Protein chains: 2
Amino acid sequence: MTDSEIVKTSMSEDDCENFRTIELLFFAYRSFITDADEVLADYGFGRAHHRVLHFVNRRPGLSVAELLEILKITKQSLSRVLRDLMDSGHIAQERGAIDGRRRLLYPTKEGRALALRLSQLQSRRINAAFERQDNEGRRNVEEFLRLMIDPEDRDFVDQLGPRGDI
Amino acid sequence: MTDSEIVKTSMSEDDCENFRTIELLFFAYRSFITDADEVLADYGFGRAHHRVLHFVNRRPGLSVAELLEILKITKQSLSRVLRDLMDSGHIAQERGAIDGRRRLLYPTKEGRALALRLSQLQSRRINAAFERQDNEGRRNVEEFLRLMIDPEDRDFVDQLGPRGDI
DNA sequence: AAAATACGTCAGCCTTATTGACATATTTAA
DNA sequence: TTAAATATGTCAATAAGGCTGACGTATTTT
């Protein structure tokens with residue numbers, strides 16, 4: 001590192017396109033998640049708990065392996081979070097009927113209530129952001145976000161929406 | 001937690017609007033950041049380094065306090081990351097000319113090059129996601145993202161774009 | 001019966017964040 | 001000109017949430 005030259009000019013859209021979008025994504029996502037953070041803190045939970053709670057509520061009866069696949073974390077990481085949520089009575093396990101090795105995850109009533117509360121907070125922000133947009137605008141936003149996702153994950157997100165009982 | 005009732009129905013858009021958008025945001029943002037993660041790993045850097053590098057390149061000469069304000073982290077957190085980036089020759093400090101207490105942060109040539117490389121990766125994904133959208137569609141996306149941001153941060157993002165030399 | 005699968009857990013490590021306390025240089029105010 | 005405020009750096013301890021590797025156990029498949 002022999003004394004490298006200092007640069008004093010700003011990096012701008014001339015150097016690379018889409019700086020504004022890059023920054024909008026950073027700040028938008030940060031605001032988006034802090035909504036839930038505050039509520040989660042009351043339960044001693046973090047974002048990891050939120051993600052698990054969310055997908056268990058969206059796909060009741062999913063297995064641990066499926067959840068790992070969605071979240072792309074290791075089972076060791078998941079297990080701590082899952083234990084917290086089971087200890088607090090937000091999530092419950094059942095052995096699989098067809099395959100007894102699988103532990104199927106379900107929300108409890110309390111887990112459903114918390115998941116809804118968190119989603120409603122985030123939904124409010126989304127509604128406010130969509131306020132001045134028509135259906136076409138919303139479609140544009142959803143298409144953009146969808147195409148930002150790695151192709152491998154896109155199908156999963158799609159089947160999460162309409163139905164597709166696991 | 002006296003054995004709470006298990007819920008087996010899926011949480012759906014009937015329960016709360018915008019589930020699809022919530023999930024699109026989660027997956028889109030995850031894909032978005034992993035582009036850069038892979039390059040950063042080669043340098044032994046993480047996302048924290050990326051954020052610092054980015055804003056120092058966008059606002060060369062900003063002070064430590066300003067950077068803390070943008071990132072909303074503590075100086076203790078920042079200092080380690082900043083030290084790594086200075087040790088590796090990606091960022092350099094200069095004492096403020098008017099106020100000698102301030103340490104103004106600048107990218108080096110190497111720091112600028114790395115910041116650009118990372119931005120270009122992310123920009124490519126953004127271009128692909130915008131591919132089938134016209135100017136109106138892009139405006140919709142940017143307006144949506146902008147309104148998702150907490151009002152306090154919106155102005156900062158705006159003045160980051162056009163100019164506004166610090 | 002043996003092998004593969006699904007899961008749980010123990011132990012140790014890393015990154016990135018936190019808080020609190022304290023040192024230092026520099027500027028500003030009394 | 002001394003005192004106070006400011007900007008920064010740093011030390012120490014802690015926490016969340018990731019990771020790898022190894023090993024145990026139930027259950028299903030071969």
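Nothing here was measured: the structure is a model prediction, and the numbers come from that model. Proteins get letters first, then strands, A, B, ... in listed order; numbering begins at 1 in each.
- Side-chain nitrogen and oxygen atoms of Ser77(A) include none within less than 4.0 Å of the OP1 or OP2 phosphate oxygen of dG17(D).
- Outside the 6.0 Å centre-distance limit, the rings of His54(A) and Phe26(B) are not counted as a close aromatic pair.
- Rounded to whole Å, atom P of dT15(C) lies 15 Å from atom CZ of Arg51(B).
- Other residues, nucleotides and ligands contribute over 12 non-hydrogen atoms within 6.0 Å of the CD atom of Gln120(A).
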### Task
Begin with the C-alpha distance, continue with both residues' side-chain angles, and end with the deciding distance and a verdict on side chain to side chain donor-acceptor pair (under 3.5 Å) for Glu17(A) and Asn127(B).
CA-CA 9 Å; Glu17(A) 310 164 289; Asn127(B) 276 338; 2.8 Å; yes

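- Taking atom CG of Leu78(B) as the reference point, atom P of dT18(C) lies 10 Å away to the nearest angstrom.
- Using a 4.0 Å heavy-atom cutoff across all strands shown, Arg47(A) reaches sugar-phosphate atoms only and no base atom.
- Taking only side-chain nitrogens and oxygens, Gln93(B) comes nearer than 4.0 Å to OP1 or OP2 of dG9(D).
- His90(A) and Phe45(A) have their aromatic ring centers within a separation under 6.0 angstrom.
- The stretch residues 34-44 of chain A does not touch DNA chain C, since none of its heavy atoms comes less than 4.0 Å from the strand.
- A cation-pi arrangement is present between Arg58(A) and Phe19(B) under the rule of less than 6.0 angstrom and at most 45 degrees off the ring axis.
- Nearest-nucleotide assignment on DNA chain D puts the 5′-proximal partner with Leu82(B), out of Val81(A) and Leu82(B).
- For the pair His49(A) and dA16(D), the criterion of a side-chain N or O lying under 4.0 Å from OP1 or OP2 is not met.
- At the phosphate of dT18(C), OP1 or OP2 sits under 4.0 Å from a side-chain N or O atom of Thr74(B).
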### Task
Would you give a per-nucleotide map of nucleotides 24-30 of chain D, 5' to 3', where B means the base has a protein non-hydrogen atom under 4.0 Å away, S means only the sugar-phosphate does, and - means neither?
--SBS--

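- In this model, a side-chain donor or acceptor of Gln76(A) finds a partner on the base of dG21(D) within 3.5 Å.
- Contacts between residues 22-32 of chain A and DNA chain C, counted as heavy-atom distances below 4.0 Å, involve no residue at all.
- With salt bridges taken as basic N to acidic carboxylate O contacts below 4.0 Å, one links Glu143(B) and Arg132(A).
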